[in-house]
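To start, the structure itself, in structure tokens.
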Amino acid sequence: MRYISTRGQAPPLDFSDVLLAGLAGDGGLYLPQSWPHFTTAELRALAGLAYPQLAARIMAPFVGRALSFERLSALCDAAWRGFGHPAVCPLRQADTRIFLLDLTRGPTLAFKDMAMQLLARLFDHVLAERDTSITIIGATSGDTGAAAVAAIAGRARARIVMLHPQGRVSAVQRRQMTTQLAPNVTNLAVAGTFDDCQDLVKAMFGDPDLRAGLGLSAVNSINWARVLAQVPYYVAAALALGGPDRPVAFAVPTGNFGNVLAGWIAQRIGLPVARLIVGANSNDILARFLSANDMSLAPVTPTLSPSMDIQVSSNFERLLYVLLDEDPAATARTIGQFRATGRMPVPEAAWRRATQDFAGFALDDEGTLQVMAAHHLATGELIDPHTAVGLAAARARAPVDDSVPVIALETAHPAKFPEAVADATGIHPALPPGLADLFDRPERCTTVANDLAAVTALVRAAAKEPL
Ligand SMILES: *Cc1c(COP(=O)(O)O)cnc(C)c1O
């Protein structure tokens, strides 16, 4: 299996190289050169498999010869073994036709663990084959950093340096990073904002000597392997509700468009998906695009669902490439115009094609609190603000045919956003047993000025630590 860049100016690579590269050299995102297809009979045959086995079969044609099937299966087993449920991501009913897919059973209580735990093991495998190591650097406003640090801690071939804005991530999120005491983890609390952290990381990547010398790498959500690792749960959930012999719809609280894109990939490889519903908070650019072909930038508004406080959804470029008839020049031009003018000119026909598969819905903070309260009243269960946005989207944009079930993705555990949950319901959600002592664990974190030379020196020191 070979991968090509959406902008057409980077050489095709195999799965291992795409895993290590992240972004393509021409600034584009990698997509498979040809798409695997699963027949109805092949999908039916997956029903009843344990989740890691199902996942290995779905991912195998995308991985190609980069890993043997036995190795891929073993990595899948290891990746999701520690999740607090034998089904890994259990499905439960929310009301007559709406179901919640619980993706929060990983070590940091958000769906990003689903992909990151596998990604870390794929890195170890590929880096061991090449007898080399990497230093991952990243900036986080919360969830991504926690999931990445938890996944890389203790790995044999990778170090991670994670920058967060000092005092601006929640206490749970900070502790999920800083209580990882493995020697290959460095947490830096930067005296600045998230944007400052991101600028520091970009500057370090922009320095070719530093980049090559330290083997810098990233784990952001444009990495193809992260998107791919999210495809299996769409298949597993559909099979649990009668797929592939019955279509299902999905509702996904969306930020960078990585999660919902995985649902679209599941559809593309043969899973009958009636509709993909994009849930947005007040940062509603994707909802505006889907309802009126209005993809125009607005300032980012902070909300109760911070992991969706995004205006430029990087992974959208992968969908755009397919909407534009797989024309890399048109894709590069369209993205360039968006960057230059703040408005993405998507041709009418391409937009119509997008609306055949996708629908959008936006909900503000007040609506989010109401959904959390109503869900608690109706079921006795607590949900987090991101999940509430998805649940509202599932209801508002469910397909007309009411025999189609709608699966809303639960992307974070309520205890990750305790203030919002308490505001909505009056109940302070408890951390699950595995994390109950999070606030008693020792922390390790270095505070640093918002200064490139100071941060670079700390990254260099971290990269010298033996693995
Ligand atoms: C990251 C995140 C999202 C958004 O997912 P994307 O793949 O960026 O669209 C939604 N909910 C939670 C809890 C997240 O951590």
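First listed ligand is number 1; within each ligand, the first listed atom is number 1.
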task: Would you check whether I310 has a nitrogen or oxygen atom less than 3.5 angstrom from a nitrogen or oxygen atom of ligand 1?
output: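 Between I310 and ligand 1, no N or O pair is found under 3.5 Å apart.
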- Would you check the N or O atoms of A110, main chain and side chain alike, for any that come under 3.5 Å of an N or O of ligand 1?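 No: no nitrogen or oxygen of A110 is under 3.5 Å from one in ligand 1.
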Nearest 0.5 angstrom please: [X] [atom1] to [Y] [atom2], how far?
X: L438; Y: E443; atom1: CG; atom2: CD; answer: 8.0 Å
X: T6; Y: L29; atom1: OG1; atom2: CG; answer: 5.0 Å
X: D309; Y: S141; atom1: CG; atom2: OG; answer: 8.0 Å

Considering non-hydrogen atoms of the protein only, which is the closest contact for [atom], and what is the distance?
atom: atom 10 (C) of ligand 1; result: P253 O, 3.6 Å
atom: atom 8 (O) of ligand 1; result: N256 N, 2.7 Å
atom: atom 12 (C) of ligand 1; result: T411 OG1, 3.4 Å
atom: atom 9 (O) of ligand 1; result: G255 N, 2.7 Å
atom: atom 7 (O) of ligand 1; result: N259 N, 2.9 Å

Step by step, work out the ring-ring contact (aromatic ring centres under 6.0 Å, His included) result for F83 and Y51. CA-CA 11 Å; F83 282 51; Y51 184 77; 8.7 Å; no
Heavy-atom distances under 4.0 Å are what count here, so tell me which part of [X] touches ligand 1: side chain, backbone, both or neither.
X: F111; value: side chain
X: T254; value: both
X: K112; value: side chain

### Query
Can you tell which of W35, W224, F62 makes a ring pair (Phe, Tyr, Trp, His ring centres under 6.0 Å) with Y3?
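The residue from W35, W224, F62 that satisfies ring pair (Phe, Tyr, Trp, His ring centres under 6.0 Å) with Y3 turns out to be W224.
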Open item on the list: Measuring from non-hydrogen atoms of S221 to any atom of ligand 1, is the shortest distance under 4.0 Å?
Closed with: no
Can you confirm whether the side chains of S313 and N256 place a donor and an acceptor under 3.5 Å from each other?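 The criterion, which ignores hydrogens and geometry beyond distance, is not satisfied for N256 and S313.
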With a 4.5 Å heavy-atom cut-off, do P36 and M1 have their side chains touching? yes
Numbered in order shown, the ligand 1 atoms found under 4.0 Å of a heavy atom of S307 are 1 (C), 2 (C), 4 (C), 12 (C), 14 (C), 15 (O)
Numbered in order shown, the ligand 1 atoms found under 4.0 Å of a heavy atom of A412 are 13 (C)
